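Heads up, the thing below is written out as C-alpha cells.
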Amino acid sequence: FTAAAAVKAQLVTNGSFESSSTGVVDTTDVKGWLISVATGITLPPVFEIVSDTVEQGNRAMKITLHGLGSNQWDIQLVADSIPVTPGATYNYSIWAKSEKAGATVNVTMGNYSYTEYKAIRPATLTTQWQNYTMQFTVNDDQTFIRGPIHFYSAADTGNSIYIDDLRIVDA
C-alpha cells in the first residue's frame with residue numbers, strides 16, 4: 001500500500017479548464033466539455049475561459065447569460081465522456097459562484113439517453129465560491145456518462161456564473 005494508491009482517480013477530463021486557452025469558446029472548443037445552446041435564443045450566452053476569477057489553479061469557465069431558452073436544458077455546459085463502471089458509486093464535486101447573488105443552476109449526472117442518476121436542483125449561487133457535492137450510482141450498463149450544468153433561471157439573465165474544479169472520483 002502506498003500513499004499514491006490512496007489517491008482516487010479523477011475521471012473528468014479538464015475539470016478545472018487548465019487544458020484550455022483563455023478567451024471566448026464555443027461548442028467543442030473546451031477539451032472534455034460540450035457547450036450546448038438551443039437555436040432560437042435571441043440573446044445567446046457567452047462562454048469564456050478566464051484566468052482572473054478562479055477557485056483553484058489558473059483557469060475557470062465564465063458563462064455570461066443575456067437571455068434564456070424556453071426549456072431548462074436550452075443552455076448547458078456538459079462534462080462529456082466520463083468513464084465509469086456500471087453499478088459503481090461516485091462522489092461529485094464542483095465549485096461555482098455568480099457575479100450577482102441569486103443565480104441558480106441545475107447540476108446533473110446522467111447517461112446519454114437523458115436518464116439522471118442524481119441532480120442538485122437547484123444549486124443557488126452566491127458571490128463567493130461554494131462547493132456543491134453529491135454522490136451517485138451508475139444504475140445501468142453505461143460505461144461513459146455526462147454531467148450537464150443547466151442555466152435557466154431569471155436570476156441568471158444579466159449575470160455571470162463561474163464554474164471550476166469539477167471532480168468525479170470513486171466513492
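Just so it is clear, the model here is predicted, and its values are computed rather than measured.
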For [Y], does its backbone N or O pair with a side-chain atom of [X] as donor and acceptor, under 3.5 Å?
X      : Y      : value
Lys100 : Gly158 : yes
Tyr132 : Thr124 : yes
Asp165 : Trp95  : no
Ser113 : Thr115 : no
Tyr92  : Val169 : no
Glu18  : Arg59  : yes
Asn71  : Asp74  : no
Asn111 : Tyr114 : yes
Asp164 : Met61  : no

Is there side-chain contact between [X] and [Y], with at least one heavy-atom pair below 4.5 Å?
X      : Y      : answer
Tyr152 : Asn106 : yes
Glu99  : Thr127 : no
Val46  : His66  : yes
Ile75  : His150 : no
Met109 : Ile82  : yes
Thr108 : Trp73  : no
Arg167 : Gln10  : yes
Leu68  : Ile41  : no

Rounded to the nearest 0.5 Å, what separation is found between the [atom1] atom of [X] and the [atom2] atom of [Y]?
X      : Y      : atom1 : atom2 : value
Asp80  : Arg146 : CG    : CZ    : 7.0 Å
Thr85  : Asp170 : OG1   : CG    : 7.0 Å
Gln135 : Ile168 : CD    : CD1   : 12.5 Å
Phe151 : Gln72  : CZ    : CD    : 13.0 Å

Query raised in the report: Within 45 degrees of the axis of the six-membered ring of Tyr162 and under 6.0 Å from its centre: does Lys62 put its NZ or CZ there?
Result: no
Query raised in the report: What residue pairs, at least two apart or across chains, pass side-chain hydrogen bond (donor to acceptor under 3.5 Å, both in side chains) with a residue in residues 28-50?
Result: none
Report task. Could you go through the side chain to side chain donor-acceptor pair (under 3.5 Å) check for Ser160 and Thr64 one step at a time? Result -> CA-CA 4 Å; Ser160 291; Thr64 303; 2.9 Å; yes
Requested in this report: Describe, in one word, how the ring planes of Tyr117 and Phe136 are oriented to each other, choosing from parallel (under 30°), tilted (30 to 60°) and perpendicular (over 60°).
Outcome: parallel
Query raised in the report: Nearest heavy-atom pair of Leu77 and Phe47: which atoms, and what distance?
Result: CB-CE2, 4.1 Å
Report task. Please name the pair of heavy atoms, one in Val30 and one in Ser20, separated by the smallest distance, quoted to 0.1 Å. Result -> CG1-OG, 3.4 Å
Requested in this report: Output, in order, the C-alpha distance, side-chain angles, deciding distance and verdict of side chain to side chain donor-acceptor pair (under 3.5 Å) for Asn131 and Ser93.
Outcome: CA-CA 7 Å; Asn131 188 224; Ser93 168; 2.8 Å; yes
Report task. Give the C-alpha distance, both sets of side-chain angles, the deciding distance and a yes or no for side chain to side chain donor-acceptor pair (under 3.5 Å) between Asn58 and Ser51. Result -> CA-CA 5 Å; Asn58 298 307; Ser51 60; over 6 Å; no
